[in-house]
Amino acid sequence: QQQVKQSPQSLIVQKGGISIINCAYENTAFDYFPWYQQFPGKGPALLIAIRPDVSEKKEGRFTISFNKSAKQFSLHIMDSQPGDSATYFCAASIDRGSTLGRLYFGRGTQLTVWP
Amino acid sequence: DAGVIQSPRHEVTEMGQEVTLRCKPISGHNSLFWYRQTMMRGLELLIYFNNNVPIDDSGMPEDRFSAKMPNASFSTLKIQPSEPRDSAVYFCASSLALTAGGVGNTIYFGEGSWLTVV
């Protein structure tokens, strides 16, 4: 059973456009929501993360929007660039107890930004 | 800074052979994860260790898979015997699992071991 559901599976955006990737979860015990970025031939790397006590977090062109009541969170990439072309994974974890550090990943979104 | 180091980077082996993947986590990290990535199933957690102790191995596909962490700086994932359906990228990752209420547990991934079983 997929603990975190991610959409779309693939996304094509023109340079300068906004890329939006959405994720949903069911387990209300999740309290840490990171996004990972993976380039071909590389391992995933942390991009940005949020905790449920805030509704938005921005780092440069990347913003996470978090809706606790809807159990949804999304990644927005403003002014998308060809260098942003990668696979993006949302994830969630219960940041305490025996599951400390264990991430549940979405299936990934392959983003292509056309120049 | 040395990241998570995995070896081999690429391996092609024949069905039935034993495969051993190796991982050196980031120094000082206390949690280690083995993931498998395929197009069909995405990123799957196979097993994770905390302070060298296996915490959750429910993702290990079957008895052909085994993982060990004899010390804080080394882990292996073994497949014996290997099958074509085991072909995937296997990632090792590590983190410093902080106590609850910390800044969040960033997991650092290695570059993966690309396994092809023919």
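Throughout, protein chains are lettered first and strands after them, A, B, ... in sequence-line order, and every chain is numbered starting at 1.
At a heavy-atom cut-off of under 4.5 Å, chain B is reached by no residue from residues 54-66 of chain A. Contact annotation for residues 67-75 of chain B against chain A (heavy-atom separation below 4.5 Å): no residues qualify. Proximity to chain A at a heavy-atom threshold of 4.5 Å picks out B:Glu111, B:Trp114 from residues 111-118 of chain B, in numerical order. Using a 4.5 Å cut-off between non-hydrogen atoms, the part of residues 9-19 of chain B that approaches chain A consists of B:Arg9.
A:Phe89 places a side-chain heavy atom less than 4.5 Å from the side chain of B:Gln37. Residues B:Tyr35 and A:Pro44 are not in side-chain contact: their nearest non-hydrogen atoms beyond the backbone lie 4.5 Å or more apart. Contact of the B:Thr106 side chain with the A:Pro34 side chain is not registered, since no non-hydrogen atoms from C-beta on lie closer than 4.5 Å.
The hydrophobic cluster containing B:Leu32 does not contain B:Tyr48, counting ILVMFWY residues as joined when their side-chain heavy atoms lie under 4.5 angstrom apart, directly or transitively. Linking ILVMFWY residues whenever their side-chain heavy atoms come closer than 4.5 Å, directly or via other members, leaves A:Ile20 and A:Tyr25 in distinct clusters. Linking ILVMFWY residues whenever their side-chain heavy atoms come closer than 4.5 Å, directly or via other members, places A:Val13 and A:Ile77 in the same cluster. A single hydrophobic cluster is seen to contain both B:Tyr90 and B:Met60, as judged by linkage of ILVMFWY side chains at heavy-atom distances under 4.5 Å, directly or through other members. Residue A:Phe73 is grouped with residue A:Tyr88 when hydrophobic side chains (ILVMFWY) are merged at heavy-atom distances under 4.5 angstrom, including chains of intermediate members.
For the atom pair B:Phe109 CZ and A:Tyr36 OH, the distance stands at 6.0 Å (nearest 0.5 Å). Atom CE of B:Met39 is separated from atom CD of A:Gln110 by 6.5 Å, given to the nearest 0.5 angstrom. Atom CG of B:Asn50 sits about 13.5 Å away from atom CZ of A:Arg102, to the nearest 0.5 Å. Going from atom CD of A:Gln38 over to atom CG of B:Leu43 covers 6.5 Å, rounded to the nearest 0.5 Å.
Within 6.0 Å of CG in A:Asp53 there are more than 12 heavy atoms belonging to other residues, nucleotides or ligands.
With hydrogens and angles ignored, the 3.5 Å screen pairs no side-chain donor or acceptor of B:Tyr108 with any backbone N or O of A:Leu46.
With chain A as the partner, the residue from B:Glu44, B:Gln6, B:Met40 showing the most heavy-atom pairs under 4.5 Å is B:Met40. The candidate from B:Asp56, B:Val89, B:Leu45 with the greatest count of non-hydrogen atom pairs under 4.5 Å with chain A is B:Leu45.
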